[in-house]
Amino acid sequence: MSPAIHPALAKLPAPRCSFTSDNSAAAHPSVMAAMLAANNGHALAYGADPWSEQTQQGFKQMFGADSEAFLVWGGSGANVMALVSLLQAGECVVCSDQAHIAVAETGAPERALGAKLLLLPSVAGKIHPEQVAALGRTLGSQHHPQPGILSLTQATEMGTVYSAAELKALCQAAHQLGMRVHLDGARIANACAALGGTLEALRSISLDAGVDVLCFGGTKAGLIGGEALIYFHTEHARRAKYVRKQVNQLPSKMRYVAAQFNALLEDELWLTLAAHANRMAQRLYLATRDIAGLQYAQAPITNGLFPTLPAACIAPLAAWCHFWEWDSSQSQVRWMTAWDTSEADVDHFAAGVRALLQHYTENGNAL
Ligand SMILES: Cc1ncc(COP(=O)(O)O)c(C=O)c1O
């Protein structure tokens, strides 16, 4: 039985959507239409179909002729594929202590790689080039795994972004140690929208910054499901097709993943949708930042907000409109917007947060 809705919320209009995550959102209608259009007759499997060729050409137009895109099922799988294809024996993967590969992939990278993930302390999800450069002290020591891949996330797990200059400095620090750079871009569209919202901006935070392989997220950007792993250099892509199959990321009926991406790339739909999600996060921030008892460490940059609330208010609010607790030790929650979050959803949600917290303070900090 679902919990009763708190009386302070019961009479308010509930948002139509949740603030759980961008992967709770439906798929965009253009993506659905593209899937339906692709659902006609026979096509060769495993990527030898016209839809997959169109996706390949679409990404080449975005990232240049040397780039090669590999469509895969999911984000964790894309990360594992990238790491397995680029890590050599005796090496480790270096990432932030908040990285999805480190905290939310059930150890899949370690299992697949048989290698260590070396976690660097992060601030607001970000790490710094000096931390990478400091790894140079282990170079050549037979008692330490050699730094092989720097894995970064953009936008970060905390909704922050690396500027193009910050990413370039990180890539330089990694390359100076002979490392390759992987960018987990499950939310690269949101980062790009926050950093200028152009193709040039996208290139400046990936290829031009010195990233070697990018996971271009589709699932959180409006697809039913699918990600594109894009290798920027032919020599790195050489083993990718074998690794994709080995890590179970080769879609058999690839045309359906490709058709979704073709819809997302057309007229830069990915950017339009991400910019909208980011705007809805801003709107929610502006509508809630003055509420007594609620605190933000900073304004949202992309589509995630991480406020702290009175602990007693979290469960009743989440029962009314779902979201996840982020860090229970600080009574911090995560509210995420998506391409389909409407202004009315945001306004209704903000009104509910305000009503419940007001009730809580007026009631002597009790519900
Ligand atoms: C930053 C980041 N990377 C990767 C993933 C993994 O995606 P999937 O759930 O498709 O494996 C997620 C999903 O939440 C994510 O937030």
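In this text, all values refer to a predicted model and were calculated from it rather than measured experimentally. All heavy atoms count here, side chains included; hydrogens, waters and symmetry mates do not. Whatever order the structure lists ligands and atoms in, that order sets their numbers, starting from 1.
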Undergrad: Could an N or O of ligand 1 be found under 3.5 Å from any N or O of N23, whether backbone or side chain?
TA: no
Undergrad: Write out the residue and atom name of the closest protein heavy atom to atom 15 (C) of ligand 1, then the distance separating them to 0.1 Å.
TA: H100 CD2, 3.2 Å
Undergrad: Can you check side-chain contact (heavy atoms from CB on, under 4.5 Å) on R187 and Q154, steps first, answer last?
TA: CA-CA 6 Å; R187 298 190 179 90; Q154 176 81 317; over 6 Å; no
Undergrad: For ligand 1, which atoms sit closer than 4.0 Å to a heavy atom of G74?
TA: 10 (O)
Undergrad: Taking F306 as the fixed residue, which of W324, Y296, W326 is the one that meets the ring pair (Phe, Tyr, Trp, His ring centres under 6.0 Å) rule?
TA: W326
Undergrad: Counting only heavy atoms closer than 4.0 Å, does ligand 1 sit against the backbone of A186, its side chain, both, or neither?
TA: side chain
Undergrad: So is there a nitrogen or oxygen of E227 less than 3.5 Å from a nitrogen or oxygen in ligand 1?
TA: no
Undergrad: Assess R255 against W51: is NZ or CZ under 6.0 Å from the centre of the six-membered ring, and within 45 degrees of the ring's axis?
TA: yes
Undergrad: My understanding is that only residues two or more places apart in sequence, or in another chain, count here; which of them pass side-chain contact (heavy atoms from CB on, under 4.5 Å) with H348?
TA: P13, P15, A344
Undergrad: Which of these, T153, I188, D184, has its nearest heavy atom closest to atom 3 (N) of ligand 1?
TA: D184
Undergrad: Run the numbers for me: atoms of ligand 1, each under 4.0 Å from some heavy atom of R187, listed by number.
TA: 16 (O)
Undergrad: Heavy atom of N79 under 4.0 Å from ligand 1?
TA: yes
Undergrad: Of the options W335, F349, F323, which is the one that meets F19 in a ring pair (Phe, Tyr, Trp, His ring centres under 6.0 Å)?
TA: F349
Undergrad: What residue and atom, counting heavy atoms only, is the protein's closest point to atom 13 (C) of ligand 1, and at what distance?
TA: K220 NZ, 2.6 Å
Undergrad: Need the ligand 1 atom indices (1-based, order shown) with element for anything under 4.0 Å from a heavy-atom of S76.
TA: 6 (C), 7 (O), 8 (P), 11 (O)
Undergrad: State which residues pass side-chain contact (heavy atoms from CB on, under 4.5 Å) with A277; sequence neighbours excluded, sorted by chain then number.
TA: N190, N303, T337
Undergrad: More than 12 foreign heavy atoms under 6.0 Å from NZ of K116: is that the case here?
TA: no
Undergrad: Does ligand 1 come near enough to E105 that some N or O of the ligand is less than 3.5 Å from an N or O of the residue?
TA: no
Undergrad: Evaluate T219 for polar contact with ligand 1, using N/O atom pairs at a separation under 3.5 Å.
TA: no
Undergrad: Assign the ring pair H236 / H233 to parallel, tilted or perpendicular, where the plane angle (0 to 90°) is split at 30° and 60°.
TA: perpendicular
Undergrad: If you draw a 6.0 Å radius around OH in Y285, do more than 12 non-hydrogen atoms from other residues or ligands fall strictly inside?
TA: yes
Undergrad: Would you say G75 has any N or O atom under 3.5 Å from an N or O of ligand 1, going by distance alone?
TA: yes
